[in-house]
Each structure stands twice: as structure tokens, then as C-alpha cells.
Enquirer: 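Can you read through this structure? Questions will come right after.
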Protein chains: 2
Amino acid sequence: MSEQVVRKVRLTPERIATAAIELADRDGIEALTIRALADHLGTKPMTLYHHVAGKEALLDLMVDRIFAEMEAPPEDLPWREAIIRRCQSTREVLVRHPWSVPLLESRSTPGPELLRHHESMLATLDRGGLPLPLMAHAYAILDSFVFGFALEEATLPAQGGEGMADVAEEIAAAFDAEAYPQLVRLTVDHVMQPGYSFGSSFEVGLGIILDGLEAARGPGADA
Amino acid sequence: MSEQVVRKVRLTPERIATAAIELADRDGIEALTIRALADHLGTKPMTLYHHVAGKEALLDLMVDRIFAEMEAPPEDLPWREAIIRRCQSTREVLVRHPWSVPLLESRSTPGPELLRHHESMLATLDRGGLPLPLMAHAYAILDSFVFGFALEEATLPAQGGEGMADVAEEIAAAFDAEAYPQLVRLTVDHVMQPGYSFGSSFEVGLGIILDGLEAARGPGADA
DNA sequence: CCTATCACTCGTACTAAGTACGAATGATCA
DNA sequence: TGATCATTCGTACTTAGTACGAGTGATAGG
């Protein structure tokens, strides 16, 4: 049970947050306790409190680090590509840390990395020539979609194409085909088919939204 | 502190879940403890365990009841209107119970009402004449957007138009205008303006997505 | 009418987890 | 060398979920 990793480096809030993310990735967010984290760091619970104000503060730190993982696309990319890149990166990060998705939005105090993330998204939209009101819409819509998608993806049983098909099969068997005909049809005739990938809807959705935004902007300049 | 509501009716899982939702609405999800719930129901903690297997099971019940609140649109409505109606209803429910959004997606065991909700959404899409693969995309995209939007909305400081402007003002003051120019510009020149409403992006986003889906369906090409 | 059953109620207490308090330890600098 | 201060951590308090088993009241069969 105890892992007693020997600590060689000095404790810092950043290092603690990093270790906490490791633990959450490995054992799930519900297994992330102060005691387990201390153990993982080769120290004792109360020691952590000299670097972090409490568990809530720790969660805030973790969230900010998650945002830090989302990379800003290079500025020389065309507007549309840049947005796609950033959204993909965001999704990848959230897939890597599925436990974080409900957390991200339940924290009320925004950290610097969160602000940076938003800022760079807005800057890219600005480069696309969107007027302010449309920019606000674009921002809200894209963010909602990306996080919403990640939210669904995070709770999907298994995201590997095959593993998911298996699960879907079980579900379909448990379903009452009369009570839920569409659900069963979708599952059996589509989801369980080889080559199905839930993730492909991400690209499609993103494309639809970007098309709509460009149409709303009109024939503006691109760069 | 103790509220000691006199209980007149027999305890049932449904009634317990309803009371739990009331409590969560009023005091927040973190204040929903078994003890507080028992108090609210005029009974004792262990009594609840004869009707509900545990707190996890209680949360499952609550989630299913939340889904039950989302109303299916009348079948005679045109396809597009029906989708909009359902999505609006979903959003309204989630705004009414903001604490539930992270919960909804973190539960892995789907209840009957959740299945019903999905089924009716799919049925409406089917009425729209979407072929199966496009239907799957439409479903994933719409759900992601609606829940993602609700997720953001749930964590927004205040959704009343004015209250939010106040908060935005504070935030803008705290911001470093040099570090986050776009964020500040958006906040000051748009969000803080009278008449701004975050929620309006919902309609816009929904419209864009539906336009895109119709376009994809239209001439016969699909994705 | 009496009593056995059973669903329901609840008092007690155990466990896990966050964290307050203050002592011990060790490094830095005058 | 000794004082200061950051860090570490042992102990213990608190809250919350819930296991265990005793009480209690309504109902059904004799």
C-alpha cells in the first residue's frame, strides 16, 4: 500500500501539484487524499500544509497546471487552423486527465494559466477578424463545445475503438429494444460497427462551428 | 441549524432524492450530507439507508430525477424547433440545478430517465431525416454543446445581467491589462456593457450547429 | 384478541480524511 | 556560536459515511 517514494528534491507547491496530478492520473481523483499524496511524495500529511493552504488550494493548483498543458498554436498558422489546433490540444489534455474535467469548471478562482489560455484563444479569434460581439459568441460556443465534448468523452466507458464496441454490446443487450428503439439502433448499427470512433464527431462539430462563425463574419480577411 | 421538518409522508427513494435535490439547490452540493438530509427529512441518518444503498446511489437517483425534469418537445413541432426546444429545456434544468452539471457526467450508471432523454433526442433527430452516421454526430455535438454551455454557465459568478457586470468589473480591475489585453477588452467593451447576456450565445451556437447539420444532410452528402 | 413477523427506525460507534496545534529539527546569518 | 526562521511531523480533533444490532409498531395468521 505505502509507496514511500524517496524524495530527493525540495518540496514546492508546483512539485506537489505535479505529484497530485500523477496520483490522480494513476489512481483516480477520488484516491487523491492528502495522506496518499504525502506518502507518494515520501513525506507526511502535515508537511504539505506548509506549501499549500489546503486541499481546495491544491485542486486549484492542479487545475492551473492542466491549463498550462494546453499549448497555444503557432501564430503563423492561418486563423482557422490555429483554432483547430488549440481545440485539439485542449481535448488531448482533457483526455489525458479525464478526472480533471468536472474539476476544471467547478473551481471558481481562475489561475494565471487559465487566464493565459483564454487570452490566447481570444487573440486567435481576433486575428480571424471577428468583431467583438461575434468574438464573444465564438469564444463561448467553442469553449462550451470543447469542454462539453471532453466531458462526455471522459465518462465514456472505454475510448479505444474496440473496447468501446464491447461495452456497447453489453449495453445493447441490456437495453429494452422496444423501450429505446433509436438507442438500440444507433448502438448496434453504428457504434458497434468496426471503425466507429466517437472522437470523429469532434472534428465534425468543430468544422460546423467554424463554418458558421466564418459565415457570420462574412468575407473578412484571413491571416 | 437543525431544521427538523416534520415528516408527514412515508419515506421512499424518490422522496429522499427529491429532498436531496431541494437541499442541494438551497445550500449547494457540498452541504448535502446524509446527516443534513436526514435532518431535512425529520429523520435520522441510518434510517435513510433502508431506502437508499448509500450516498453514491443517492446521487444516481438525484441525477436521474434531474433528467426527468427535461421535457420532450411535442412531436408535432418541426424538427428544428423540436431540437431547439429540447436543448433549451435541458439548459433551463441545468441552470436551475447548477450543482448537478459536474455530477451528471461523472455518474457511470445510466438511469431510466437518462435513457429516455437520449432516446427522445435521437427520435427527434431521426424525424429530421438524418442518416445514421450523421445522426450520431449530431447527437454527440449537440449534447456536448448543451452540457458544455451549461457547465460554463453553472460556474459563472452571477447570471443575472447586472450582477455579472459588477463581477466582471472587479475582475477587469484585478487583471493586468498588459498581460491579458484581449481578455480585458472583451470584458470592458462588451461584457460590462448594458444588455450583455452570456446566455444569448446559447441560441447563436445552437443555430450555427443546426445550420451545419442541415447543410450536411441536405443535398444527400453525409459525413 | 394475541402474538409472531417484518419493515422500518435509530442509537452507538468505527473508519477515513481534512486539518489545527505545537514541538522538534535543521539551515542560515549575524 | 547562538538566534531566527523555515520546514517537518506527531498527535489529536472534527466531519461525514456507514456497519451493526437493538427497538418499535403495524399487520396477518391462529
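The figures that follow rest on heavy atoms only: side chains count, while hydrogens, waters and symmetry mates do not. Letters A, B, ... mirror the listed sequences (proteins, then strands); counts begin at 1.
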Enquirer: Just the rounded figure in Å: distance from P of C/dA20 to CD1 of A/I34.
Expert: 11 Å

Enquirer: Starting from C1' on D/dA16, measure out to CG on B/L48 and report it in whole angstrom.
Expert: 13 Å

Enquirer: What residues form a ring pair (Phe, Tyr, Trp, His ring centres under 6.0 Å) with A/H117, not counting sequence neighbours?
Expert: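 Applying ring pair (Phe, Tyr, Trp, His ring centres under 6.0 Å) to A/H117 gives A/F67.
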
Enquirer: Can you list the residues that meet the side chain to side chain contact (heavy atoms under 4.5 Å, CB included) rule with A/A72, with sequence neighbours excluded?
Expert: A/R86, A/S120

Enquirer: Does A/Y139 have any ring pair (Phe, Tyr, Trp, His ring centres under 6.0 Å) partners at least two apart in sequence or in another chain, and if so, which?
Expert: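 Testing A/Y139 for ring pair (Phe, Tyr, Trp, His ring centres under 6.0 Å), a comparison that skips the adjacent residues, returns A/H118.
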
Enquirer: Under 3.5 Å for both distances, Watson-Crick or G-U wobble, that's the pair rule; now give the dot-bracket for DNA chain D, with | marking pairs to another strand and [ ] for crossing ones.
Expert: ||||||||||||||||||||||||||||||

Enquirer: Once you round it to whole Å, what is the distance between P of C/dT25 and CG of A/L11?
Expert: 19 Å

Enquirer: Counting just side-chain N and O atoms, does B/T47 come under 4.0 Å of either OP1 or OP2 of C/dC10?
Expert: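 Answer is yes, contact under 4.0 Å.
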
Enquirer: Could you state the NZ-P distance from B/K44 to C/dT9, rounded to the nearest angstrom?
Expert: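 After rounding, the gap between these two atoms is 13 Å.
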
Enquirer: Taking the side chain of B/R10 as heavy atoms from C-beta outward, which of C/dT19, D/dT8, C/dC8 is closest to it?
Expert: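 The listed nucleotide nearest to B/R10's side chain is C/dC8.
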
Enquirer: If you only use heavy atoms from C-beta on, which nucleotide in C/dA13, C/dG11, C/dA17 is closest to the side chain of B/M46?
Expert: C/dG11

Enquirer: By side chain to side chain contact (heavy atoms under 4.5 Å, CB included), which residues pair with A/I21, not counting sequence neighbours?
Expert: A/D25, A/M62, A/R65, A/I66, A/H97, A/W99

Enquirer: Please list, by residue number, the residues of residues 49-59 of chain B whose heavy atoms come closer than 4.0 Å to an atom of DNA chain D; answer none if no residue qualifies.
Expert: B/Y49, B/G54, B/K55

Enquirer: Going by ring pair (Phe, Tyr, Trp, His ring centres under 6.0 Å), name the residues that satisfy it together with A/H190, two or more places apart in sequence or in a different chain.
Expert: A/Y196

Enquirer: Using whole Å, report how far CZ of B/R35 lies from C1' of C/dC14.
Expert: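 Checked: the CZ to C1' distance equals 11 Å.
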
Enquirer: Tell me every residue that passes side chain to side chain contact (heavy atoms under 4.5 Å, CB included) with B/A123, counting only those two or more places apart in sequence or in another chain.
Expert: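 With sequence neighbours excluded, B/A123 shows a side chain to side chain contact (heavy atoms under 4.5 Å, CB included) to A/Q182, given in chain and number order.
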
Enquirer: Please determine if A/E69 and A/R96 form a salt bridge, counting it only when a charged side-chain N lies under 4.0 Å from a carboxylate O.
Expert: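 The answer is yes: the pair qualifies as a salt bridge.
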
Enquirer: Using OP1 and OP2 only, check whether a side-chain N or O of A/T33 sits under 4.0 Å from C/dA16.
Expert: no

Enquirer: Which residues satisfy the ring pair (Phe, Tyr, Trp, His ring centres under 6.0 Å) test with A/F202, sequence neighbours excluded?
Expert: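 Testing A/F202 for ring pair (Phe, Tyr, Trp, His ring centres under 6.0 Å), a comparison that skips the adjacent residues, returns A/F145, A/F149.
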
Enquirer: Less than 4.0 angstrom from a charged side-chain N to a carboxylate O is my criterion; do B/E113 and B/R116 meet it?
Expert: yes

